[in-house]
Every structure is written in structure tokens, then in C-alpha cells.
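Proteins come first, then strands; the chains are lettered A, B, ... in the order of their sequence lines, and each starts at number 1.
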Amino acid sequence: MSNNDLNRLFDKAFKYVGICCTFFGLVMLVIFIANILMDGLQRIDWDFLTNLPSRRAEKAGILTAWTGTAWILGLTAIISIPLGVAAGIYLQEYGKKNRFAYIVELNIANLAGVPSVIYGLLGLEIFVRTLQFGGSLLAGAFTLALLILPIIIVATREALKAVPNSLREASYGMGATKWQTIWYQILPAASGGILTGIILALSRAVGETAPLIVIGALAYVPFVAQHPMDEFTVLPIQIFNWVSRPQPAFLVNGAAAIVILLILTFVMNGVAVYLRNKWQKKISW
Amino acid sequence: MKHIEAKNVNVYYGDNHVLKDITLSIKENTVTAFIGPSGCGKSTFLRTLNRMNDYIESFRKKGKVYIDGKEIYDKKVRVEELRRQVGMVFQKPNPFPKSIFENVAYGLKIHGITNKKEIEETVEKSLKQSALWGEVKDILNKPALSLSGGQQQRLCIARTLAVKPTIILMDEPASALDPISTAKIEELISELKEKYTIVIVTHNMQQAARVSDRTAFFYLGDLVEYEKTSELFTNPRHKQTENYITGRFG
């Protein structure tokens, strides 16, 4: 066989290996989702969404879990968005590009990779104990906000970086201050990217379980949270609780709750993708 | 009256000495062209006149630049006010990704003008001055990026005029445009001269010859020759100038 033929063979072989690799992930995902849907779909009805948790599987619902998730989502957003976006703006637009900035940048990138349970321990020490929030929604939201801050900061910086310099020059050239330039021109132009990053970060927060268990979120909460200082549970913890029980009926409940959680995260990711495409189309330089 | 005056201006980017001892003055209501091969420092010098180089971290300057007798690098000078007075039009049209109206109104907004009627009047006047009003008066709310390149550049000029500058710096304003749009911009420059002092950087020597009163030839950071345009193009004193304008290098 000549060298050329060998190369062609490799080329072809790689194509099929690539197809196999791609389908491996897809097929696994489809099997997983089909499995969950078969188990869980029949269990989802209005009562399932509006019932409090119960020791009897057929009467148990996820009202406390999804309201807890909604609370956590809202509070985490309120805490993390201003902090993350402001930090991103500072680092990208104001901060000098020196050695110190490089170290900060490196550390933020590293923080995004720290296991979430470590954030849970941090939250336990700072928010639950030192600041005496207890195992409350507020403690959970602060912990998750810390967890997703690096993601929001990095996304904000990337979005700002993508705004062409000619826009900054145009604004400065007319006598705008730095803040005016950022507020009126750069942020609107970067908002698509920033928003996408925020939504992806929040959808990660929705799925987090470990840090909330560490700070003491409960598996069994017999009431709907009314106040940020209330104790709470969230969907992933409820799911974890149900699937770890021996009775098969609870497994079905778990599957149904997983379906709800998946729908929530898919919708959030879908919105993020939609916004990104929309902004990409609207602004073309 | 000497409107702009540079005395022994030296500019460095890090260790790179990009402008060497430039001394030159520009009179009111004239058009001055800066010509020279790429990298000769003409754009850098233009940007020194409204302190647009301030954002480059390695930028250092020695010497003095006066506008209306005031040193513009003085600590007391508010750079925002300087840039309002010394407007700038860039090489590539760079309208804001907003409506046509908002593009022109932006300058008024950032300088604290909130009176709606005043804003509307100024927008109209500026668009008329930049010979764009007829083409856009019915589509003021359309995105500026939907305009053609030439229209966008005239919009950028209108935007600059709206904040009532006295000097307009133009950095190769027609280099990204087709010949017809270029002709319109040149015509506009001749009209604007009545009211404004214009400094234009150009790679196009015919353009310099057509629009400017005086021309400065830069080469490798030196100001080689600064003369009346008719004089410089017909009777250059330096060999380098002659070689450049006759197309022997550059």
C-alpha cells in the first residue's frame, strides 16, 4: 500500500471514529431521558406540583422543593448579577493590564473550577456560622452566588472584550467619560453575551446539590418558604432524598421531579441560546 | 490667529520614538492635510491633538500642544471638554449600533443637554450640515448600521458637529469609501471649512491636493515639510517630499 492510500485510509477511519464518538454521547443522553420520562411522566400532575412532601409516596409533592428552587434562583440572581457584572466591568475596562491583573484573572479562572462542595464548606463557615444566617435561603443563595460569580465575571469580560474598540473611540472622541461610554454604549452592545452568561450560570446554580446539603438545607420541609431567613429545600435535594429510599414508588416520584428539573434547566439554556443568536444578528460590525 | 500650536512634540510608545520634535501651527478655518507613508506618525500626531492616545498605556509625550493658547495636556484641562471642542472622525465609519437620531443626539446627552426641542433642532441642523438630512429625514429611527458606508461616515461627521466643536480631526475619513462617497466627503470638508478648523490625515495625495490649504509631510516620525498645499505639491523643497508625492516610494 502506498503512503497516499494509507493516509486516505486514516482519513476515512477517523471520520467513522468521530461519528461513533459523537453518537455515544447523544445515544446515552437519549436513553437516559427516555428512561426518566417513562418512569416519571405518568406521575406528573397538578397535585404533584402543589402537594407538600409526605411519607406516603403517592401523596407527596414537590411544592416546597420548586418554591425553594425559585427562591434560591431569585436571591442568587439578585446577589450575584450586580457583583459579577461590576467585577467584570472593572477588570476589563478599568483595571490596568499588569502582573497583578494577570494573577487575579488566573485565580478567577481557577475558582470556576473549584468543586462545589468546597464552596459549601466556605458558605457553612461564613454565612451559616459567622454571619448567623443559619440553614436559611439567604445562606444558600449567598453560597451559590459565590459559586457562580467566577462564571458571570468571565462571561462579562468576554462579552466586553468582543465589543470593538472603534465603539469606545467613537464615544471617547465625542467627550464622553469612561462611565458614560460603558453605560450608554459598551454595556448595551455586550448585553447579549452578559445575559447569556448569567442565565447559564444561574442554570448551574439551580442544579447544585452538594453545597446546599453542606450548609444544611433540609430534605423534609413541611411548609413553603415565606421569607429569606426560612429553612428550605430545593429540587435536586428532594430528588436525592427520594431516589435514596428503598420503596419503588419514591423512585417514580424522583423521576418525575427530575423531569421538572430538566425542563427548568432546558428552558433556561434555551433562552440563553435564543438571546445569544438574537444579539448576534442584531449587532454586526 | 494660531488655533493649534505644537511645540517640540515628541511621542514614544514604550521605547519606540514615533514622533520627533514636531513643531507646527495651524490657523483657524483652514484645512490642513497630513500625508506620509504608513507608520510615519501622522495618525499618532492627529490623536495627540485631542488626547486620544491617553488610552494607550505605553504612550509618553514630551513637548507642548496648545489649542487657543491653552496647553491641552495641562492637569487642569478636562479631557472630556477638550474632546467636545476637538471632534474626531475615524477611518472606518463607526456609528453606534443605535438609531440615526440617537447617534447624533448622543453627544448632547453626555454633555448634559436634556431639552427635547433643543436636541431635535440640533440633530436636524447637524444632519443638514453634513449633507445627510435629505436622505435620512424620514428614517431617523432606523438603525444607523443600515445606512451605506458613505452615509455612515457623514452620520459620524454630523454626530461630531452636534456638540459644536471648533476643530475637527479626520483620520483617513474616506479610505473605506467608494469614489462617489469620497467626493461627497471632500465636498463636505470644503463647506465645513467656513466654520471649523479641519485637520485631515490621508493616504490619497490627490485628496490632500484637492481639499487642503496646507500640507504637512511626515516621514519616519519627522515633520519633513509643512507648506501651502499648492507650494508643496508643485515645488517641494525636500528630496524626500518630492520622491513621495511623485510616487517613488510610500
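Looking at heavy atoms from C-beta onward, B/R159 lies in side-chain contact with A/M174 at the 4.5 angstrom threshold. Within the 4.5 Å cutoff, no side-chain heavy atoms of B/F96 are placed close to those of A/P188.
To the nearest 0.5 Å, the span separating CZ on B/R83 from OH on A/Y172 amounts to 8.5 Å. To the nearest 0.5 Å, atom CG of residue A/N98 and atom CD of residue B/E57 are 8.0 Å apart.
For A/W66, the CH2 atom counts as loosely surrounded, since its 6.0 Å shell holds 12 or fewer non-hydrogen atoms of other residues, nucleotides or ligands. Enclosure of atom CG in B/D15 is not indicated, since only 12 or fewer non-hydrogen atoms of other residues, nucleotides or ligands lie within 6.0 angstrom. Within 6.0 Å of the CZ atom in A/F24, the count of heavy atoms belonging to other residues, nucleotides or ligands does not exceed 12. Crowding of B/K61 atom NZ: a count of heavy atoms from other residues, nucleotides or ligands under 6.0 Å exceeding 12. Atom NZ of B/K125 has 12 or fewer heavy atoms from other residues, nucleotides or ligands within 6.0 Å. Summarising the local packing, OH of A/Y274 is surrounded by 12 or fewer heavy atoms from other residues, nucleotides or ligands at distances under 6.0 Å. Residue B/K62 places its NZ atom among 12 or fewer non-hydrogen atoms of other residues, nucleotides or ligands, all under 6.0 Å distant. The number of heavy-atom neighbours closer than 6.0 Å to OH of B/Y55, taken from other residues, nucleotides and ligands shown, is above 12.
Checked by atom type and distance alone, the side chain of B/H111 never pairs as donor or acceptor with a backbone atom of A/A176 at under 3.5 Å.
Residue A/A170 comes nearest to B/N94 through the heavy atom pair CB-ND2, 3.3 Å, listed as atom of the first residue, atom of the second, then distance. Here the closest heavy-atom approach between residue A/G175 and residue B/I110 is recorded as C-CD1, 4.0 Å.
Of the two parts of B/V86, only the backbone, made up of N, CA, C and O, holds a non-hydrogen atom closer than 4.5 Å to a non-hydrogen atom of chain A. Of the atoms belonging to B/R47, it is side-chain heavy atoms, and not backbone ones, that fall under 4.5 Å from chain A. Only the side chain of B/F90 comes within less than 4.5 Å of a heavy atom of chain A; its backbone N, CA, C and O stay farther away.
When the candidates B/R51, B/M88, B/R78, B/K98 are compared by the number of heavy-atom contacts under 4.5 Å with chain A, B/K98 comes out ahead.
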